[in-house]
Structures are given as C-alpha cells and as structure tokens.
Amino acid sequence: MHKITLLPGDGIGPEVTASVVAIIDCAGVKVEWEKHFVGSEAIARSGDPLPQEVLDSILRNRVALKGPVTTPVGTGFTSINVRLRKTLDLYANLRPVHSMPNIITRFEDVDLIVVRENTEDLYSGLEHEVVPGVVESLKIITERASTRIARFAFEYARAHGRKKVTAVHKANIMKMSDGLFLQCFRNVARNYPNIEADDKIVDNLCMQLVVDPNQFDVLLLENLYGDIVSDLAAGLVGGLGVVAGANIGENGAVFEAVHGSAPDIAGQNKANPLALLKSAVLMLLHIGEAASARRIEHAIVKVLASGPEHRTRDIGGTGTTSDFTAAMCETLRRGMRAND
Ligand code: NAI
C-alpha cells in the first residue's frame with residue numbers, strides 16, 4: 001500500500017484528480033490517499049493557502065499528486081505552486097512532451113524532454129517599488145542551482161538513452177545571469193562526453209521548435225523560459241490537456257499536469273484528465289509501480305483509438321471527463337481479466 005498526498009486544487013482540479021484516482025484504482029494499484037486542501041479552499045479553512053500540514057504530509061510521504069490551483073493576478077496570495085516548489089526545494093521540473101496516437105497535430109513523432117529549473121530566476125518573488133511608477137523585479141541565478149539542474153538534465157539523458165542536451169538562454173543580453181547558467185551547463189557537460197551538448201538563444205529556439213521540433217532531444221532552461229517553452233512544446237503535441245509534469249527534489253516529488261485550473265470549463269465535466277493521468281504514470285514509475293504504469297499507458301493508447309466519444313473536446317473528441325474515465329477503467333479491467 002502506497003501512501004500519497006493528494007492535492008485536488010481548484011477549478012477543474014477536483015474533476016481531473018477524481019478521474020485519475022479512479023483510474024489508478026482500476027489499474028489495481030493500492031494507494032492510501034492523504035487528501036489536503038490548498039489555495040482559496042485552504043484560505044477559507046485555515047487562513048493560509050499552503051498550510052504547514054500540507055508540507056508535512058508531502059515530506060512524510062515523499063510523493064504527491066496535485067491538481068491545478070488558481071493564482072490571483074496582480075493582487076492576493078503568491079502562487080502556491082511557486083511556494084511549494086521553493087519550500088520543498090523541488091528544483092527540477094520535468095516535462096516529457098510526446099506525440100499521442102489519434103491526436104492530430106502539425107508534427108508526428110515529437111519526442112522532447114523539457115527540464116526547467118524550478119526555484120530561482122525571475123520567480124524568486126523579489127519585486128519592489130523603487131519610486132512611484134518604477135518597480136524592480138530581481139532575477140536570481142546561482143552557480144549551485146544552475147549546476148544541479150544541469151546535472152539533473154544530463155543524468156536524465158544518460159538514464160533514458162537520450163543523445164543531446166540543449167541549454168536555452170539569452171546570454172547575449174543577460175551576460176551575467178544567463179552567462180552563469182550557460183557556464184555551469186558547459187562545466188557539467190564535460191563530465192558526460194557521450195551526450196552531445198549544445199545551446200540556443202531562447203527566441204531562436206522558439207522559432208526552431210515550431211518549424212522542426214525533432215531536431216531537439218532534452219531542453220534545459222531557467223525557470224521563466226522553461227515555463228513558456230514547455231507550454232509551447234505542449235502545443236506541438238495537442239495542447240495543455242495532454243502533457244505531464246513532475247517537480248522533483250531531494251525531499252520528495254510532486255506530480256502535476258502542465259495546465260492551470262481552466263476556470264472557463266470548471267464544473268462542466270469537460271476537462272481532459274489525460275495530462276494529470278500521464279503525470280500519474282510518471283509518479284507510478286517513481287514509486288516502483290512500473291507494470292501498472294505500463295498498463296495505464298497501453299490503455300491510454302487503446303482508449304484514444306477507440307472513438308471520439310471517449311475523448312474530451314480539447315483533443316477533438318465528443319466525450320466528457322466521465323466518458324474518458326469510464327473507458328479507461330473498462331479497458332484496464334478487460335486487460336486484467338484477459339491476463340487472469
Ligand atoms: P489554463 O491552463 O487553466 O487554461 C488555458 C486554456 O486551456 C483554457 O482555455 C482551458 O479551458 C484549457 N485547458 C487547460 N487545461 C485543460 C484540460 N485539462 N482540459 C481541457 N482544456 C484545458 O491557463 P490559464 O487560464 O492561464 O490559468 C488559469 C489559472 O490556473 C490561473 O489562476 C493560473 O495561475 C493557474 N495555473 C495553475 C497552474 C498549476 O496549478 N500548476 C499552472 C498554470 C496555471
């Protein structure tokens with residue numbers, strides 16, 4: 001029995017997490033979910049959008065599955081996602097971006113890994129008003145964080161048979177900050193002679209990605225560029241509804257979809273649980289449930305091929321969240337009965 005912290009979040013979060021919890025159960029994985037509220041729901045209950053008990057739960061279980069959480073724009077509480085990653089030092093954000101069968105996009109066979117530094121850069125939250133009408137936002141880049149994320153990217157590449165790591169930067173303009181990030185990357189790359197290491201300026205990378213994504217393998221980015229480029233990469237394979245994410249550190253790992261709380265479709269049974277489900281597949285691999293992860297991956301392929309009524313509208317289907325969940329469970333149960 002695995003003990004896993006469950007943070008349903010808000011907006012479409014509770015719908016997609018309920019779907020994924022049901023599918024994991026149908027796959028036969030025994031999990032005791034420790035459910036906690038974060039964001040506005042937690043403020044209503046305890047006054048804190050990220051209560052200490054949530055952090056304690058993740059530190060204890062060392063693994064969490066998280067739905068999206070709405071962050072107020074301009075005012076209100078700071079992003080609990082950023083706080084969670086910084087407080088638990090979940091320094092590596094991993095986003096595998098793969099083409100999916102029966103999801104029609106401009107490119108076939110996209111197979112990219114986006115590795116994003118998760119704890120510093122312009123997301124350090126260091127902003128202040130210098131004088132009225134002038135604000136300053138500080139970009140923090142350190143040798144320590146840049147070196148460990150570069151090492152993470154190369155270690156990932158080595159463990160998964162990847163051939164190339166491309167560092168993405170704007171060191172032509174931000175010579176010191178992005179210059180340091182790039183220098184750390186080059187220092188680390190020397191220890192991995194069998195993996196090709198190159199770099200691209202971020203604006204050029206964006207253009208190259210939408211023209212020919214298959215020229216890239218593993219992309220390594222600072223926090224802000226990583227945030228933007230991973231959404232761009234998601235667009236290459238069918239959008240935010242299909243791409244998985246994981247935030248990994250020495251203290252634990254939080255698995256979550258790339259997308260947000262999608263307030264425009266919340267509560268309407270329209271949300272696509274696939275991105276969170278694929279994040280859960282990464283989670284199952286992380287906790288040693290490789291066979292169940294594979295079963296779910298095979299079932300996803302079958303369900304996506306089985307007709308538009310089992311897919312949600314964002315990926316060209318006519319079905320609901322519940323239709324997808326039911327089709328996944330039915331496929332998993334049938335597969336398990338066949339193996340009995
Ligand atoms: P969003 O990702 O919530 O939505 C963008 C568009 O994609 C919307 O049209 C939405 O309907 C669609 N979409 C997103 N996920 C979908 C899914 N699973 N199935 C079908 N369609 C889906 O981005 P937006 O609107 O910029 O952000 C909304 C809120 O989410 C904000 O408060 C933002 O701060 C928060 N957010 C939270 C994240 C997290 O908790 N990890 C990540 C990104 C945003």
Side-chain angles (χ1 to χ4, degrees), residues 5-20 23 36-43 49-50 54 58 64-88 90 93-95 100 103 114 116 118 123 125 223-224 226-248 253-280 282-283 300 304 308 310-325 328:
T5 304
L6 181 69
L7 310 174
D10 54 39
I12 59 169
E15 295 166 72
V16 290
T17 45
S19 162
V20 170
I23 293 168
H36 288 279
F37 294 99
V38 288
S40 49
E41 183 79 37
I43 290 189
L50 183 59
V54 175
I58 300 172
L65 183 67
K66 176 184 162 295
V69 180
T70 306
T71 305
V73 176
T75 56
F77 61 85
T78 50
S79 163
I80 79 119
N81 301 311
V82 174
R83 248 181 86 193
L84 197 59
R85 293 166 197 167
K86 279 177 69 179
T87 313
L88 298 178
L90 305 171
N93 187 282
L94 178 69
R95 297 183 177 184
M100 302 282 292
I103 298 181
V114 181
R116 162 184 168 194
N118 234 354
Y123 288 28
N223 208 341
L224 176 63
D227 195 359
I228 298 166
V229 168
S230 52
D231 275 26
L232 186 158
L236 299 172
V237 296
L240 296 174
V242 303
V243 175
N247 302 289
I248 302 169
V254 175
F255 295 83
E256 64 178 338
V258 174
H259 62 74
S261 56
D264 53 332
I265 56 165
Q268 297 170 39
N269 204 15
K270 286 182 180 167
N272 188 356
L274 190 52
L276 188 66
L277 182 59
K278 289 177 73 182
S279 311
L282 293 179
M283 181 186 79
I300 290 173
L304 290 180
H310 297 142
R311 267 183 270 147
T312 48
R313 287 172 191 274
D314 57 303
I315 50 171
T318 55
T320 61
T321 313
S322 323
D323 293 331
F324 173 78
T325 313
M328 280 296 300

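Worth saying up front: this structure is predicted, and the values here are computed from it rather than measured. Atoms considered below: every heavy atom in the structure, side chains included; atoms not considered: hydrogens, waters and symmetry mates. Read the numbers this way: they start at 1 and go in the same order the structure lists the ligands and their atoms.
Formation of a donor-acceptor pair under 3.5 Å by the Thr312 side chain with backbone atoms of Ala271 is not found in this model. The main-chain N or O of Ala64 is never found under 3.5 Å from a side-chain atom of Thr5 such that the two would form a donor-acceptor pair. Using modelled atom types, no side-chain atom of Asn269 and backbone atom of Thr320 make a donor-acceptor pair closer than 3.5 Å.
Val243 places none of its side-chain heavy atoms less than 4.5 Å from the side chain of Val114. Looking only at side-chain heavy atoms (C-beta outward), Asp10 and Glu41 stay at 4.5 Å or farther from each other. Contact of the His259 side chain with the Asp314 side chain is not registered, since no non-hydrogen atoms from C-beta on lie closer than 4.5 Å. The closest side-chain heavy-atom distance from Ile23 to Thr325 is below 4.5 Å.
Residues Pro273 and Phe324 share a closest heavy-atom pair of CG-CD2, 3.7 Å. Closest of all the heavy-atom pairs between Pro308 and Gly316 is CB-O, 4.3 Å. For the pair Arg116 and Tyr123, the tightest heavy-atom approach, listed with the atom from each and the gap, is NH2-CE2, 3.5 Å.
Here Thr71 has heavy atoms under 4.0 Å from ligand 1 in both its backbone and its side chain. At a heavy-atom cutoff of 4.0 Å, ligand 1 is contacted by the side chain of Ile265 but not by its backbone. With a heavy-atom cut-off of 4.0 Å, Asn272 touches ligand 1 through backbone and side chain alike. Proximity of Leu274 to ligand 1, defined as any heavy-atom pair under 4.0 Å, is not found for any part of the residue. Neither the backbone nor the side chain of Ala275 comes within contact range of ligand 1; no heavy atom lies under 4.0 Å.
An N or O contact shorter than 3.5 Å is missing between Lys270 and ligand 1 by distance. Not one N or O of Val16 is nearer than 3.5 Å to an N or O of ligand 1, by distance alone. Geometrically, ligand 1 and Thr70 share no nitrogen or oxygen pair separated by less than 3.5 Å. Considering both main-chain and side-chain atoms, Gly260 comes within under 3.5 Å of ligand 1 through a nitrogen or oxygen pair.
Atom numbering of ligand 1 starts at 1 in the shown order; those under 4.0 Å from a heavy atom of Asn81 are 37 (C), 38 (C), 39 (C), 40 (O), 41 (N). When each atom of ligand 1 is checked for a heavy atom of Pro263 under 4.0 Å away, the hits are 28 (C). Atoms of ligand 1 found under 4.0 Å from any heavy atom of Pro68, numbered from 1 in the order shown, are 39 (C), 40 (O). Short contacts between ligand 1 and Val69, defined as distances under 4.0 Å to a heavy atom of the residue, involve ligand atoms 35 (C), 36 (N), 37 (C), 39 (C), 40 (O). Close approach of ligand 1 to Glu256 (heavy-atom distance below 4.0 Å) involves ligand atoms 41 (N).
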All N/O donor-acceptor pairs, side-chain side in residues 228-241, below 3.5 Å, sequence neighbours left out:
{"residue": "Ser230", "atom": "OG", "partner": "Arg95", "partner atom": "NH1", "Å": "2.5"}
{"residue": "Ser230", "atom": "OG", "partner": "Gly226", "partner atom": "O", "Å": "2.6"}
{"residue": "Ser230", "atom": "OG", "partner": "Asp227", "partner atom": "O", "Å": "3.2"}

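Of all the listed residues (Thr312, Asn247, Asp264), Asp264 holds the heavy atom that lies closest to atom 8 (C) of ligand 1. In this comparison of Val254, Asp314, Val258, the heavy atom closest to atom 20 (C) of ligand 1 sits on Asp314.
Between Lys66 and ligand 1 there is a heavy-atom distance shorter than 4.0 Å.
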